[in-house]
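Heads up: the structure comes next, in structure tokens.
Predicted model only: the values in this text are computed from it and were never measured. Numbering of ligands and ligand atoms starts at 1, following listing order.
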Amino acid sequence: MITGARPRLANHWDVIVFGAGPAGSALAHNLAAHHRVLLLERNLAVNPQSLPEGWRIGESLPGAAAVLLRQQGLLDRFLADGHTLRGASVSVWEGGNPVWFDGLRDPNGPGWHLDRVRFDAMLRNAARDEGVVFSAVGGGVRLLRAGAQWQVNDDRGGRQYTASVVVDATGRSAACCRALGLRRRAQDRLVCVHALLAPKVHDQDRCTRICADVDGWWYSVRVPSGQRVLAYHLDAKDPALRGLRNAQALLLQARHLPVLASVLPDRVASGTAQVRPAGSVFLDIADGGPRSGFYAVGDAVLAFDPLSSQGLFHALASAQSAAAAIADELEGDRRAGQRYFAQMRDVQARYREQLAVTYARPAHYGGRPFWAQRRREGDWMTVA
Ligand SMILES: Cc1cc2nc3c(=O)[nH]c(=O)nc-3n(C[C@H](O)[C@H](O)[C@H](O)COP(=O)(O)OP(=O)(O)OC[C@H]3O[C@@H](n4cnc5c(N)ncnc54)[C@H](O)[C@@H]3O)c2cc1C
């Protein structure tokens, strides 16, 4: 069944989703059985069925995600992809001693270390197989509300679409929210500098290793390829950032921390470390939600600090909730969007509370600006 009483114009869609990351692809997949869905993506591979090259940071998936993947009909596909089961977590956070948590004690199971590129491609392919239409889009897309529907003008591509619902799934850039002038708030200017390290002979370590440091914090995990991710989180204004863009320098600095040193190899896989924004950012949701017919999912509604390892779970969960709300709205329920955004506001509030508590724990570094700034729950700045 395809809903919507409007005439079937070639370029009219029930839903247009911007961004084919995990949130956008999962949302489109959830809706496609009953609705016409167009997914507009900035970086579409030439052959979308082929697996893109490379790797992407963001590789820890909590066990609770299995419930969502099952509900969305994606679990079998996911399990066939060869992601590795996570081992224990070991963190040196509140004091000098490592604290172990065995994921087997988690009722949801230990979770996975993902091949992240494969994970994102699986979600895109599942959406495509369900009938979602993909199209490449460049910059300069205009979004206009025309009566009860949206008009999307892709001036560079020479295309124009209309849709009943538009969804921002463009990740941290929140391109549609920004285009509509919606306000977002950020906690800080946290960045993650990360490198991929060459595999170490006989390394079978499956632990997630986390460590607080004087002016930031580290993590390292071994990904399914056998290579190891090393990541350091610090303030974007920290002068040390410049030197750490060299992956070998990053590796050298990590060697001072015993919980990491024991598993680090001698070589990096590539000479340059990458830097990505990693701070928490949330969409400031007014009472009643932004506008009817408009939704934001995944990082566009709440971008998590990587410390939480919740970004992908939230991408799947918000996609599932938004898909249900959109289906209701297309059936005539005018309050569906409000309910969805009220739920997202609760998620944001709980997250912010928990984040401040977590950053307050390394009390021995409490005097350092990096830690002091992040333990203040209320102090969030407006971002453009
Ligand atoms: C350093 C770091 C480590 C992380 N580690 C973890 C982790 O271990 N576990 C975890 O769960 N999460 C982790 N995350 C978070 C996780 O990666 C994100 O939460 C997740 O990618 C969000 O998915 P998304 O679909 O909302 O956004 P994205 O994955 O960012 O996807 C957005 C998509 O939109 C496209 N796009 C952008 N702008 C436009 C536009 N204008 N028009 C069309 N398309 C556009 C992009 O090309 C992209 O395909 C980490 C994040 C960082 C920064």
Side-chain angles (χ1 to χ4, degrees), residues 16-29 38-45 48 52 55-65 68 83 86 89 111-117 119-121 123-124 127 134-143 152 154 156-157 166-179 190-195 208 210 216-221 223 229-234 273-283 295-319 322 344 351:
I16 294 183
V17 183
F18 283 82
S25 299
L27 173 90
H29 173 261
L38 175 67
L39 222 162
L40 297 177
E41 165 59 43
R42 200 175 50 178
N43 295 321
L44 265 193
W55 73 288
R56 182 180 173 190
I57 194 150
E59 61 299 303
S60 293
L61 189 69
L68 297 176
H83 307 292
R86 284 203 294 196
S89 298
W112 292 269
H113 292 314
L114 302 177
D115 175 333
R116 181 62 198 274
V117 171
F119 179 73
D120 288 13
L123 292 171
R124 280 189 189 187
F134 282 67
S135 186
V137 73
V141 174
R142 287 180 298 127
L143 207 53
V152 176
D154 176 5
R156 271 190 223 163
V166 159
V167 182
D168 188 345
T170 60
R172 281 175 177 271
S173 69
C176 305
C177 294
R178 282 190 294 122
L190 187 75
V191 291
C192 170
V193 50
H194 56 275
T208 303
I210 299 173
W217 63 272
W218 297 81
Y219 85 79
S220 182
V221 297
V223 286
V229 176
L230 175 65
Y232 180 49
H233 302 76
L234 70 169
Q274 295 178 30
V275 181
R276 286 193 57 184
S280 312
V281 189
F282 70 91
L283 179 66
Y295 290 77
V297 291
D299 279 10
V301 73
L302 171 59
F304 286 73
D305 187 310
L307 188 54
S308 70
S309 277
Q310 289 297 310
L312 290 170
F313 179 87
H314 165 69
L316 295 171
S318 60
M344 289 302 116
Y351 166 68

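For Arg116 and Asp120, the salt-bridge test passes: some basic side-chain N is under 4.0 Å from an acidic carboxylate O.
When heavy-atom distances to ligand 1 are checked against 4.0 Å, the residues falling inside are Gly19, Ala20, Gly21, Pro22, Ala23, Leu40, Glu41, Arg42, Asn43, Arg56, Ile57, Gly58, Glu59, Ser60, Arg116, Arg124, Val137, Ala169, Thr170, Gly171, Ser173, Ala175, Cys192, Pro277, Gly298, Asp299, Pro306, Ser309, Gln310, Gly311, Leu312, ordered by chain and number.
The closest side-chain heavy-atom distance from Ser89 to Ile210 is not below 4.5 Å.
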Could you list the donor-acceptor pairs under 3.5 angstrom formed by side chains in residues 305-316, with sequence neighbours left out?
unit_1, atom_1, unit_2, atom_2, d
Asp305, OD1, Leu307, N, 2.9
Asp305, OD2, Tyr359, OH, 2.6
Ser308, OG, Asp305, O, 2.9
Ser308, OG, Gln310, N, 3.2
His314, NE2, Gly298, O, 3.0

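Summarising the geometry of Arg86 relative to Ser60, their closest heavy-atom pair is NH1-CB, 3.5 Å, with the distance given to 0.1 Å.
Qualifying side-chain hydrogen bond (donor to acceptor under 3.5 Å, both in side chains) partners for Arg42, counting only residues two or more places apart in sequence or in other chains: none. Applying the ring pair (Phe, Tyr, Trp, His ring centres under 6.0 Å) test to His233 and every residue at least two apart in sequence or in another chain returns Trp217, Tyr219.
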